[in-house]
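Each remark here refers to the structure printed beneath this line.
What you see below is based on every heavy atom in this structure, not just the backbone, and it leaves out hydrogens, waters and symmetry mates. So that the names make sense, note that chain A is the first sequence line, chain B the second, and so on, each numbered from 1.
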There are 2 protein chains.
Amino acid sequence: MSTAASRRRPATIHDVAREAGVSRGTVSRVLNGGHYVSPAAKAAVDAAIRRTGYVVNRHARSLITGKSDSVAFLLTEPQERFFEDPNFNVLLRACTQALADRDIPLILMIAGTEDERRRNLRYIEAGHVDGVLLVSSHSGDPVVARLHEAGVPVVACGKPLGQTTRIGYVAADDRDGAREMVRHLHATGRRRIATVTGPLDTPGGVERLAGYRETLAACGLPADDALVVTGDYSRASGAEAARTLLERAPDIDAVFVASDLMAQGVLDALARAGKRVPEDIAVGGFDDSPAALSSQPPLTTIRQPWDRISAEMVRTLLARIAGEDPATVILPTELVVRESA
Amino acid sequence: MSTAASRRRPATIHDVAREAGVSRGTVSRVLNGGHYVSPAAKAAVDAAIRRTGYVVNRHARSLITGKSDSVAFLLTEPQERFFEDPNFNVLLRACTQALADRDIPLILMIAGTEDERRRNLRYIEAGHVDGVLLVSSHSGDPVVARLHEAGVPVVACGKPLGQTTRIGYVAADDRDGAREMVRHLHATGRRRIATVTGPLDTPGGVERLAGYRETLAACGLPADDALVVTGDYSRASGAEAARTLLERAPDIDAVFVASDLMAQGVLDALARAGKRVPEDIAVGGFDDSPAALSSQPPLTTIRQPWDRISAEMVRTLLARIAGEDPATVILPTELVVRESA
DNA sequence: TTCTCTACTGTGAACGCTCACAGATGCATG
DNA sequence: CATGCATCTGTGAGCGTTCACAGTAGAGAA
């Protein structure tokens, strides 16, 4: 009799083999797809597994196969973004889920500092994970190159900028999302449309700006650099940008903001300047974060399909691990119209 | 010549031993603390490790030691809470960090559904992790009992309610935080102090309510059940609760709300009812979440020491894994005074 | 009948590590 | 000069798998 708190020795493949009256090899074959196993043997093994409560020892398996059957979720962002950006939550949750469906554990790694980066790379390069889901938006991140050099399968979230090596990634169609928003602003009668961009070393920064410019041109509106201000995705930078815009071009009637968080800052500043939204100035955000709903007024924004992004990241990573070439997947965004525009 | 993308066979303990001119055993001893190793041998091994770029194969080690040197972070909450509650972010981040400092990978598990719960338990019970950091606030969670039965070391975040088994946990001093907030409200002249509690099957729900009641009594204020309304930690439930309160007791001059998110809802409802905060009614929150700063007006709230909570969770879990008895740690909270009270 | 082919099964040898043990050395003690 | 002890070192076994290989049995073709 063992107490509740003592773990008893778990069943091994040997125990199962004995219980089923077959050899280790046969049990192993059943475990790995069941090819070249007679129906009778398979049934006996299945029953034995159920009786013994057998679960494979992944360490033993990994030792011989050389694969770990696990995947890292690596975040190389300065930590404040992790706290602020609700997208990470959604992404992390959905990736965990998608991997769990395939019985693959997710190892969470956060590399905000150089030291953490080194440590995590060391772990990954040692072959302790089969692949990496990478969240790193800044241009020229050395981690990307290191991972590529080490031959570790990687799929990034968002297009990795400033990389010479080809790396697979999954992203929302930022440019088209921006186009759609600006078209919407134009369609609702706005003619002096400004923009607050994200940092221009991030894909969201450059792509959304590009979409904005393209659409202005397509709508026959003049390009005016005074209407473009760059923020850093923080709420404060949004407020700052709005003040700059009002000063430079008091006649603007719309602002396309490259993130909801910054859009909140814009709303703050506009309210403080006595501008009514959307009557005087329409505001369009990006992300459809929870903040978009709770702001005053609720934000018209662009929804990124995070559930699909996660699913595709996992799918393409596993394909890459299985030997396929790096793939890039671009997924469509969706305009969500609320009260701010 | 291997291409950049091909992983070459990593160095083993054998290679290091040959390189250093010693035996496997000596290398192993260096790797595990360096006891009973001559300084000369240790130096030779260290150099050889550096030259060969050797990293232990954790699978091989785990196979023989029976330990995985990894820890699970298990979240058994319905997923909406994961999205909404910013505390999870902070906790997860800090735990990852604390574990990384000890070179222990964190495996993230999210068990919102019954199916996910089963799968994760199976994984854990198979001994694939050495211990579990458990985040599960609801009363009588069957996962707690299952883990205890399986003899897996567990440390919970917050006191696990409705459990017959003794289990280690780390928590903020909810009750004392509530006391402090109510004392503050009283000290600033409020005399009709209502409260919006969390769900009463969560520790935050019961403890904060208890602290509220104690302090009312201590201040000589009458207990009045009409001033107590229960929410579910969501913003909407906060608004709903505020409406109920205003109806039942229009003369209240303060509300202690058991979470910032609900407090936001309370602010919404009060604004809609034409009440000024804090002039007419003071509002106190709990959590010091980012929402507390961005609400109008910024919330006076209670900060929970999440960094310390995480650090203690990791510390006590590792102690538990090392064989110590389950410990409980209660950490002090801190009043953060802003404009709402 | 004999041979070949397919479907299935069992066996030894790894995988890279730790652990127990045996042995060697040096030094102080009786 | 033997004995004990502490410090250090190497060796073999074994952790629980998978994989390659050798083998068996039965069906069908020659």
TODO: Return the minimal non-hydrogen interatomic distance between V135(B) and C157(B), and the atom names on each side.
DONE: CG2-CB, 4.2 Å
Open item on the list: Any base atoms under 4.0 Å from R24(B), or only sugar-phosphate, or nothing? Heavy atoms, all strands.
Closed with: base
Open item on the list: Going by the rule side chain to side chain contact (heavy atoms under 4.5 Å, CB included), which residues pair with N32(A) if we only count those two or more places apart in sequence or in a different chain?
Closed with: S28(A), R61(A)
Open item on the list: I need the CG-P distance between L63(B) and dG16(D), as an integer number of Å.
Closed with: 7 Å
Task: Those residues that, when tested against R146(B), pass salt bridge (charged side-chain N to carboxylate O under 4.0 Å, His left out) (two or more places apart) - done: E125(B)
Task: Separation of dC19(D) P from I13(A) CD1 (nearest whole Å) - done: 11 Å
Task: Euclidean distance, atom NE2 of residue H128(B) to atom P of dG16(D) [Å, nearest integer] - done: 13 Å
- [ ] Name all residues meeting the side-chain hydrogen bond (donor to acceptor under 3.5 Å, both in side chains) criterion together with D46(A); count only those two or more places apart in sequence or in a different chain, and write none if there are none.
- [x] K42(A)
- [ ] Keeping the roles fixed (side chain from R320(B), backbone from D325(B)), state whether a donor-acceptor pair exists under 3.5 Å.
- [x] no
TODO: Mind listing the residues from residues 30-41 of chain A sitting with a heavy atom below 4.0 Å of DNA chain D? Number order is fine.
DONE: N32(A)
Open item on the list: Rounded to whole Å, please give me the gap between CG in D69(A) and C1' in dT17(D).
Closed with: 12 Å
Task: Partner set under side-chain hydrogen bond (donor to acceptor under 3.5 Å, both in side chains) for S68(A), not counting sequence neighbours - done: S70(A), D130(A)
TODO: Would you indicate what R29(A) reaches in the nucleic acid, counting non-hydrogen atoms under 4.0 angstrom: base, sugar-phosphate, or nothing?
DONE: base
Task: Span of DNA chain C in contact with chain B (heavy atoms, under 4.0 Å) - done: dG16(C) to dT18(C)
For residues 304-313 of chain A, please give each side-chain donor-acceptor pair under 3.5 Å, one per line with the distance, not counting sequence neighbours.
{"unit_1": "Q304(A)", "atom_1": "NE2", "unit_2": "D287(A)", "atom_2": "OD1", "d": "2.9"}
{"unit_1": "W306(A)", "atom_1": "NE1", "unit_2": "N87(A)", "atom_2": "OD1", "d": "3.2"}
{"unit_1": "S310(A)", "atom_1": "OG", "unit_2": "W306(A)", "atom_2": "O", "d": "2.5"}
{"unit_1": "E312(A)", "atom_1": "OE1", "unit_2": "R315(A)", "atom_2": "NE", "d": "3.3"}
{"unit_1": "E312(A)", "atom_1": "OE1", "unit_2": "R315(A)", "atom_2": "NH2", "d": "2.8"}
{"unit_1": "E312(A)", "atom_1": "OE2", "unit_2": "R315(A)", "atom_2": "NE", "d": "3.4"}

TODO: Would you mind reading off the bend of the helix from dT1(C)-dA30(D) to dG30(C)-dC1(D) from its two end axes, five pairs each, to 10 degrees?
DONE: 60°
Task: Residue pairs involving residues 104-123 of chain A (criterion ring-ring contact (aromatic ring centres under 6.0 Å, His included); sequence neighbours excluded) - done: Y123(A)-H128(A)
- [ ] With sequence neighbours excluded, tell me which residues meet salt bridge (charged side-chain N to carboxylate O under 4.0 Å, His left out) with D101(B).
- [x] R119(A)
TODO: Rounded off to whole Å, could you give me the CG-to-C1' distance for the N57(B) and dC15(D) pair?
DONE: 13 Å
- [ ] Return each pair, listed once, that meets side-chain hydrogen bond (donor to acceptor under 3.5 Å, both in side chains) where at least one residue sits in residues 49-59 of chain A; pairs must be two or more places apart or across chains.
- [x] E19(A)-R51(A)
Task: Rounded interatomic separation in angstrom, taking CD1 from I64(A) and C1' from dG16(D) - done: 10 Å
Open item on the list: Using heavy-atom distances to pick each residue's nearest nucleotide on DNA chain D, tell me which of G25(B) and H59(A) is more 5'.
Closed with: G25(B)
Task: salt bridge (charged side-chain N to carboxylate O under 4.0 Å, His left out) involving D115(B) - partner list, sequence neighbours excluded - done: R118(B)
